[in-house]
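Accompanying notes for the structure given below.
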Amino acid sequence: MTTHVHPHSSVRRRLGDFGLLALPGGILATLLVLTSATGPTLCPFALLTGVACPGCGMTRAAGALVRGDWAAAFAYHPLVILAAAWVAGAWWAAVSRRLGSGRRIDPRLTNRLVIASAVLFLAVWLVRLATGSLPPV
(Lines give C-alpha, C1' and ligand atoms only; values in the text may rest on other atoms or scores of the structure.)
Protein backbone atom coordinates (compact mmCIF):
# COMPACT_ATOMS: atom_id res chain seq x y z
CA MET A 1 0.00 0.00 0.00
CA THR A 2 1.41 3.38 -0.94
CA THR A 3 0.64 6.63 0.76
CA HIS A 4 0.34 9.89 -1.05
CA VAL A 5 2.39 12.75 0.40
CA HIS A 6 1.13 16.19 -0.48
CA PRO A 7 3.89 18.00 -2.42
CA HIS A 8 3.57 21.13 -0.29
CA SER A 9 3.50 19.42 3.12
CA SER A 10 7.23 19.88 3.80
CA VAL A 11 7.01 23.55 2.79
CA ARG A 12 4.06 24.05 5.14
CA ARG A 13 5.93 22.33 7.95
CA ARG A 14 9.01 24.52 7.44
CA LEU A 15 6.86 27.65 7.34
CA GLY A 16 5.16 26.51 10.55
CA ASP A 17 8.55 25.88 12.16
CA PHE A 18 9.76 29.33 11.08
CA GLY A 19 6.59 30.97 12.39
CA LEU A 20 6.90 29.22 15.74
CA LEU A 21 10.56 30.20 16.08
CA ALA A 22 9.93 33.80 14.91
CA LEU A 23 6.95 34.31 17.23
CA PRO A 24 8.93 35.64 20.23
CA GLY A 25 10.68 38.22 18.06
CA GLY A 26 7.35 39.38 16.67
CA ILE A 27 5.85 39.68 20.13
CA LEU A 28 8.85 41.60 21.45
CA ALA A 29 8.86 43.96 18.46
CA THR A 30 5.14 44.59 18.85
CA LEU A 31 5.52 45.32 22.56
CA LEU A 32 8.41 47.70 21.86
CA VAL A 33 6.57 49.65 19.20
CA LEU A 34 2.87 49.55 20.01
CA THR A 35 2.53 49.71 23.78
CA SER A 36 2.22 53.02 25.55
CA ALA A 37 0.57 54.44 28.64
CA THR A 38 -1.77 56.52 26.49
CA GLY A 39 -3.26 53.76 24.35
CA PRO A 40 -6.98 52.97 24.32
CA THR A 41 -8.53 50.53 26.76
CA LEU A 42 -9.48 47.32 24.97
CA CYS A 43 -10.53 45.25 28.01
CA PRO A 44 -14.24 44.34 27.79
CA PHE A 45 -14.52 44.06 31.59
CA ALA A 46 -13.05 47.54 32.09
CA LEU A 47 -15.17 49.03 29.30
CA LEU A 48 -18.37 47.56 30.76
CA THR A 49 -17.71 48.19 34.46
CA GLY A 50 -15.34 51.15 34.49
CA VAL A 51 -13.03 49.11 36.75
CA ALA A 52 -9.80 47.46 35.64
CA CYS A 53 -9.92 43.65 35.54
CA PRO A 54 -7.35 41.35 37.22
CA GLY A 55 -5.26 41.38 34.03
CA CYS A 56 -5.57 45.07 33.18
CA GLY A 57 -2.23 46.77 32.72
CA MET A 58 -0.51 43.55 31.65
CA THR A 59 0.12 44.61 28.03
CA ARG A 60 1.56 47.96 29.12
CA ALA A 61 3.57 46.13 31.81
CA ALA A 62 4.99 43.72 29.23
CA GLY A 63 5.88 46.63 26.95
CA ALA A 64 7.67 48.40 29.80
CA LEU A 65 9.46 45.16 30.71
CA VAL A 66 10.69 44.69 27.13
CA ARG A 67 11.94 48.29 27.13
CA GLY A 68 13.82 47.58 30.38
CA ASP A 69 11.67 49.85 32.55
CA TRP A 70 11.14 47.43 35.44
CA ALA A 71 9.62 50.02 37.79
CA ALA A 72 6.94 50.95 35.25
CA ALA A 73 6.33 47.28 34.43
CA PHE A 74 5.62 46.43 38.06
CA ALA A 75 3.52 49.57 38.50
CA TYR A 76 1.32 48.59 35.55
CA HIS A 77 0.98 45.02 36.83
CA PRO A 78 2.99 43.36 39.60
CA LEU A 79 2.53 39.88 38.10
CA VAL A 80 4.13 40.71 34.76
CA ILE A 81 7.03 38.30 35.43
CA LEU A 82 4.59 35.46 36.16
CA ALA A 83 2.73 36.15 32.90
CA ALA A 84 6.01 36.33 30.98
CA ALA A 85 7.04 32.98 32.48
CA TRP A 86 3.74 31.40 31.40
CA VAL A 87 4.13 32.73 27.84
CA ALA A 88 7.78 31.64 27.62
CA GLY A 89 6.95 28.20 29.04
CA ALA A 90 4.08 27.68 26.60
CA TRP A 91 6.30 28.71 23.69
CA TRP A 92 9.11 26.41 24.83
CA ALA A 93 6.69 23.49 25.21
CA ALA A 94 5.35 24.09 21.69
CA VAL A 95 8.85 24.25 20.20
CA SER A 96 9.91 21.11 22.08
CA ARG A 97 6.85 19.20 20.88
CA ARG A 98 7.44 20.40 17.32
CA LEU A 99 11.03 19.17 17.48
CA GLY A 100 9.88 15.88 18.95
CA SER A 101 11.88 16.29 22.13
CA GLY A 102 9.21 17.65 24.42
CA ARG A 103 8.32 15.71 27.51
CA ARG A 104 4.69 15.82 28.49
CA ILE A 105 3.95 17.75 31.65
CA ASP A 106 1.48 16.12 34.00
CA PRO A 107 -1.90 17.77 33.30
CA ARG A 108 -2.69 17.74 37.02
CA LEU A 109 0.42 19.84 37.68
CA THR A 110 -0.51 22.24 34.88
CA ASN A 111 -4.04 22.57 36.28
CA ARG A 112 -2.71 23.29 39.76
CA LEU A 113 -0.34 25.94 38.41
CA VAL A 114 -3.12 27.58 36.38
CA ILE A 115 -5.44 27.63 39.41
CA ALA A 116 -2.69 28.99 41.67
CA SER A 117 -1.93 31.71 39.11
CA ALA A 118 -5.61 32.62 38.83
CA VAL A 119 -5.93 32.85 42.61
CA LEU A 120 -2.80 35.01 42.74
CA PHE A 121 -4.17 37.32 40.02
CA LEU A 122 -7.44 37.64 41.91
CA ALA A 123 -5.67 38.34 45.22
CA VAL A 124 -3.44 41.01 43.64
CA TRP A 125 -6.50 42.56 41.96
CA LEU A 126 -8.39 42.72 45.26
CA VAL A 127 -5.42 44.36 47.01
CA ARG A 128 -5.00 46.86 44.18
CA LEU A 129 -8.75 47.54 44.17
CA ALA A 130 -8.74 48.12 47.95
CA THR A 131 -5.69 50.39 47.81
CA GLY A 132 -6.77 52.30 44.70
CA SER A 133 -3.68 51.25 42.75
CA LEU A 134 -5.43 49.69 39.74
CA PRO A 135 -4.31 51.08 36.37
CA PRO A 136 -6.56 53.75 34.85
CA VAL A 137 -9.32 52.54 32.54
Quick one: closest heavy-atom pair of [X] and [Y], and the distance?
| X | Y | result |
| --- | --- | --- |
| Pro135 | Ala52 | O-CB, 3.8 Å |
| Leu82 | Ser117 | CD2-OG, 3.9 Å |
| Met58 | Ala83 | SD-CB, 3.7 Å |
| Val137 | Gly50 | CG2-O, 3.7 Å |

same_hphob_cluster([X], [Y]) at 4.5 Å side-chain heavy-atom cutoff:
| X | Y | value |
| --- | --- | --- |
| Leu79 | Leu122 | no |
| Val80 | Leu113 | yes |
| Leu129 | Val124 | no |

So how far is it from [X] [atom1] to [Y] [atom2], rounded to the nearest 0.5 Å?
| X | Y | atom1 | atom2 | result |
| --- | --- | --- | --- | --- |
| Leu65 | Phe74 | CG | CZ | 7.0 Å |
| Leu134 | Leu126 | CG | CG | 9.5 Å |
| Cys53 | Leu48 | SG | CG | 11.5 Å |

Greater than 12 external heavy atoms within 6.0 Å of Trp92's CH2: no
With heavy-atom distances below 4.5 Å as the criterion, would you say the side chains of Arg128 and Pro78 are in contact? yes
Basic-acidic side-chain contact under 4.0 Å: Asp69, Arg67: no
Pair listing, ring-ring contact (aromatic ring centres under 6.0 Å, His included) test, anchored in residues 108-133, at least two apart: His77-Phe121
May I have the step-by-step check of side-chain contact (heavy atoms from CB on, under 4.5 Å) for Val114 and Trp86, ending in yes or no? CA-CA 9 Å; Val114 167; Trp86 271 108; 3.6 Å; yes
